[in-house]
Amino acid sequence: MEQLLYLSALFDFYGALLTEKQQECLKMHLFEDFSLSEIGEELGISRQAVYDNIHRSEKAMESYEGKLGLVARYQRERAVLAGVCKSVQKLRTPKNSAAVDDVLARLVPLLGSSRDDVQAQEM
């Protein structure tokens, strides 16, 4: 499961750098849960060609990540932002509640979650 999430993140960042055929294969494999045989049938290629295509695509994306490090940077930044949100929540007092809400309203969208998700993590 963790490998699937990692490959999905790589695809989000580097998928546009792949060929159309590579993108199609990976989308079906990662997001639509097609088997190699099903992808082959859909695209009119052999199961082995699908496997080779996906394997080559994964290697290419891992190479891009090794050189650019965008996924790792994104994950580090999200972790830091989540920590900042938790720290800001801990600063809440009856007098500064509106100011804390304002800061959180600007931070939470950067995490890609809702304010309720952040508050639920706090509990």
When you group the ILVMFWY residues by side-chain heavy-atom contacts below 4.5 Å and let the links chain together, are Leu5 and Leu30 in the same group?
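No; Leu5 is not reachable from Leu30 via cluster members.
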Identify the two heavy atoms, one from [X] and one from [Y], that lie closest to each other, and give their separation to 0.1 Å.
X      : Y     : value
Gly112 : Arg78 : N-NH1, 4.0 Å
Leu111 : Cys85 : CD1-SG, 3.7 Å
Gln22  : Thr19 : OE1-N, 2.9 Å
Ser57  : Leu26 : CB-CD1, 3.4 Å

Could you tell me whether the side chain of [Y] reaches within less than 4.5 Å of the side chain of [X], counting heavy atoms only?
X      : Y     : value
Glu38  : Glu42 : no
Ile39  : Ile54 : yes
Lys21  : Ile45 : yes
Leu43  : Met28 : yes
Leu104 : Arg92 : yes
Tyr6   : Glu65 : yes

Heavy-atom count check: over 12 atoms from other residues, nucleotides or ligands less than 6.0 Å from Glu20 CD?
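Atom CD in Glu20 is not crowded, with 12 or fewer foreign heavy atoms closer than 6.0 Å.
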If you measure from [atom1] on [X] to [atom2] on [Y], what distance do you get to the nearest 0.5 Å?
X      : Y     : atom1 : atom2 : result
Glu58  : Leu7  : CD    : CG    : 4.5 Å
Gln3   : Ser8  : CD    : OG    : 9.5 Å
Asp102 : Ser97 : CG    : OG    : 11.0 Å
His29  : Leu4  : NE2   : CG    : 7.5 Å
Arg76  : Leu81 : CZ    : CG    : 13.0 Å

Is it true that Lys59 and Glu62 make a salt bridge, defined as a side-chain N closer than 4.0 Å to a carboxylate O?
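So Lys59 pairs with Glu62 through a salt bridge.
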Report yes or no: does Gln23 contribute a side-chain atom to a donor-acceptor pair with the main-chain N or O of Gly15 at less than 3.5 Å?
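The answer is yes, because a donor-acceptor pair under 3.5 Å joins these two groups.
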Ring pair (Phe, Tyr, Trp, His ring centres under 6.0 Å) pairs, two or more places apart, involving residues 57-111:
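Qualifying pairs, neighbours excluded: Phe13-Tyr74, Tyr14-Tyr64.
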